[in-house]
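These numbers come from the heavy atoms of this one structure, side chains and all, not from hydrogens, waters or symmetry mates.
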Amino acid sequence: MSADEQTAGRGRSGHTWKSPPGTSISTSMLIDPNDIEAEKLPQLTILSALAVSDSVYKAAAGDVKIKWPNDVLLNEKKLSGTLTELCFLPNGEKYVVVGIGVNVLQKTFPDDISETATSLLIETKKEESAFSKQKIIEDIWEGFLVYYRDFLRTGDLSGVKEKYESLLINKGRVVKVLDPKGEYEAKALGIDEKGRLMIEKDDGISFIDSGEVSIRGILGYV
């Protein structure tokens with residue numbers, strides 16, 4: 001399912017995601033929670049980032065990267081984000097929602113994100129008619145299903161780890177880890193089969209979970 005506008009969209013860590021009418025993609029897929037253990041839900045975010053990256057490359061053929069875990073970047077600016085949640089209905093039934101937002105036709109952004117956000121229109125300088133939002137949505141979910149089937153087969157991210165790391169803009173860089181217990185700097189090395197970010201500090205190598213912390217570049221967003 002998809003929407004033409006979002007006024008109260010949510011991102012990771014309680015961040016907002018707004019989509020002015022007719023400018024972007026806001027699409028979600030419902031997944032049977034019986035197919036996946038609850039602790040593996042964050043790994044779907046990795047799969048969705050890969051699917052969006054593939055679709056964006058088809059549409060823009062630019063410098064497409066991923067900022068761990070789920071932000072898709074075009075020319076080092078944020079183009080897309082994903083939120084995966086386990087939701088419950090009043091009758092007790094539950095389902096998994098993978099929600100994706102992609103900036104397509106925006107010409108400007110609010111001042112607070114103008115330096116970090118972008119759209120396909122801005123980066124490619126093409127005409128609006130060059131982009132079919134429906135085709136981008138179809139490409140995203142077709143790609144996601146391919147990755148998801150492989151994920152169900154392997155039970156983890158081992159099948160996509162190499163490709164994800166090839167797009168990971170943080171790999172090999174020193175990043176700022178925004179941990180509720182205190183910020184610190186570390187070198188990002190890649191991800192493991194669970195989608196955790198592997199980092200190196202003076203006291204050795206450790207792993208951080210996307211549900212607990214966020215990361216930023218030392219000099220800015222990336």
Check your understanding: Should Y148 and V52 be counted in the same cluster of Ile, Leu, Val, Met, Phe, Trp and Tyr side chains packed under 4.5 Å apart?
Key -> yes

Exercise for review: Sort and list the pairs that fulfil ring pair (Phe, Tyr, Trp, His ring centres under 6.0 Å) and have at least one residue in residues 178-222, not counting sequence neighbours.
Suggested key: none

Exercise for review: Could you tell me whether a side-chain N or O of Y57 sits under 3.5 Å from a main-chain N or O of D63, the two making a donor and an acceptor?
Suggested key: no

Exercise for review: Return the minimal non-hydrogen interatomic distance between S28 and G99, and the atom names on each side.
Suggested key: OG-CA, 3.6 Å

Revision key, fill the gap. Of all heavy-atom pairs linking I100 and S80, the shortest is CG2-OG, 3.9 Å

**Study point:** V222 and its side-chain contact (heavy atoms from CB on, under 4.5 Å) partner, picked from R216, R173, K77
**Key:** R173

Point to revise | L178 vs V213 side-chain heavy atoms within contact, under 4.5 Å | key: no

Point to revise | Sequence neighbours excluded, every pair satisfying salt bridge (Lys or Arg N to Asp or Glu O under 4.0 Å) that has a member inside residues 185-195 | key: D192-R196

Practice item. Please say whether more than 12 non-hydrogen atoms of neighbouring residues, nucleotides or ligands are located less than 6.0 Å from CD in E115. Key: no

Point to revise | Connected hydrophobic set around I218, excluding itself, where side chains approach under 4.5 Å | key: V174, L219

Review point. So, are E142 and K58 salt-bridged, with charged N and O less than 4.0 Å apart?
Key: no

Check your understanding: Just wondering, are more than 12 heavy atoms of other shown residues or ligands nearer than 6.0 Å to CG in D111?
Key -> no

Practice item. Please answer: with hydrophobic residues joined when any side-chain heavy atoms are less than 4.5 Å apart, are L74 and V102 in the same cluster? Key: yes

Practice item. Without swapping roles, check the side chain of S55 against the backbone of I136 for a donor-acceptor pair under 3.5 Å. Key: yes

Which atom pairs, one a donor and one an acceptor, fall under 3.5 Å between side chains of residues 116-127 and the rest of the protein, sequence neighbours left out?
residue : atom : partner : partner atom : Å
T116    : OG1  : I113    : O            : 3.3
T118    : OG1  : E123    : OE2          : 2.5
S119    : OG   : Q106    : O            : 2.6
S119    : OG   : L121    : N            : 3.4
S119    : OG   : I122    : N            : 3.1
E123    : OE1  : N75     : ND2          : 2.7
T124    : OG1  : L120    : O            : 2.7
T124    : OG1  : K126    : N            : 3.3
K126    : NZ   : A59     : O            : 3.3

Exercise for review: Look at the side chain of W68 and the backbone N and O of G195, then say whether any donor-acceptor pair between them is shorter than 3.5 Å.
Suggested key: yes

Point to revise | Polar side-chain atom of K133 near backbone of L105 as donor-acceptor pair, under 3.5 Å | key: no

**Study point:** Any side-chain heavy-atom pair of K65 and N170 under 4.5 Å
**Key:** no

Review point. For the atom pair CD1 (I208) and CD1 (I215), what is the distance rounded to the nearest 0.5 Å?
Key: 6.0 Å

Exercise for review: Would you check, one step at a time, whether the test side-chain hydrogen bond (donor to acceptor under 3.5 Å, both in side chains) holds for T84 with T45?
Suggested key: CA-CA 6 Å; T84 301; T45 299; 3.2 Å; yes

Practice item. Any chance you could measure L157, atom CG, to I191, atom CD1, to the nearest 0.5 Å? Key: 5.5 Å

Exercise for review: Side-chain contact test, heavy atoms from C-beta onward, threshold under 4.5 Å: evaluate it for C87 versus K94 and give yes or no.
Suggested key: no

Check your understanding: Hey, quick one: are V160 and M198 part of the same hydrophobic cluster, counting side-chain heavy atoms closer than 4.5 Å, chains of contacts allowed?
Key -> no

Review point. OG/S53 to CG/L167 distance, rounded to the nearest 0.5 angstrom?
Key: 5.5 Å

**Study point:** Shortest non-hydrogen separation from G81 to N70 and the atoms involved
**Key:** C-ND2, 3.9 Å

Review point. Should the ring pair F144 and W141 be called parallel, tilted or perpendicular, given that the plane angle runs from 0 to 90° and is split at 30 and 60?
Key: perpendicular

Review point. For the hydrophobic clusters of this structure (ILVMFWY residues joined by side-chain heavy atoms under 4.5 Å, transitively), does one cluster hold both F131 and V72?
Key: yes

Exercise for review: Enumerate the residue pairs fulfilling salt bridge (Lys or Arg N to Asp or Glu O under 4.0 Å) with a member in residues 146-167, sequence neighbours excluded, ordered by first and then second residue.
Suggested key: D54-K163, D150-R153, K161-E165, E165-K171

Check your understanding: Does any non-hydrogen side-chain atom of L86 lie less than 4.5 Å from one of L41?
Key -> yes

Practice item. Taking the side chain as every heavy atom from C-beta outward, state whether S206 and I199 have any pair of such atoms under 4.5 Å apart. Key: yes

Exercise for review: Using a cut-off of 6.0 Å, state whether more than 12 heavy atoms not belonging to D202 lie near its atom CG.
Suggested key: no

Review point. If you round to the nearest 0.5 Å, how far is CD1 of I66 from CD1 of I46?
Key: 7.5 Å

Check your understanding: Cluster question for you: counting only ILVMFWY and a side-chain heavy-atom cut-off of under 4.5 Å, with indirect links fine, are L50 and L168 together?
Key -> yes

Check your understanding: Could you walk me through whether K67 and K78 pass the side chain to side chain contact (heavy atoms under 4.5 Å, CB included) check?
Key -> CA-CA 9 Å; K67 176 181 172 290; K78 183 173 179 177; over 6 Å; no

Practice item. Measure the shortest side-chain to side-chain distance between V104 and T23 over non-hydrogen atoms and say whether it is less than 4.5 angstrom. Key: no

Review point. So how far is it from L44 CG to Y147 OH, rounded to the nearest 0.5 Å?
Key: 14.5 Å

**Study point:** Residues K40 and E37 bridged, charged N to O under 4.0 Å
**Key:** yes

Revision key, fill the gap. Residues at least two apart in sequence or cross-chain that pass side-chain contact (heavy atoms from CB on, under 4.5 Å) with L89, listed by chain then number, are N91, E93, Y95

Practice item. Taking only Lys NZ, Arg NE, NH1 and NH2, and the carboxylate oxygens of Asp or Glu, determine whether E128 and K107 approach each other closer than 4.0 Å. Key: yes

**Study point:** Nearest-0.5 Å distance, CG of residue L197 to CG of residue L189
**Key:** 8.0 Å

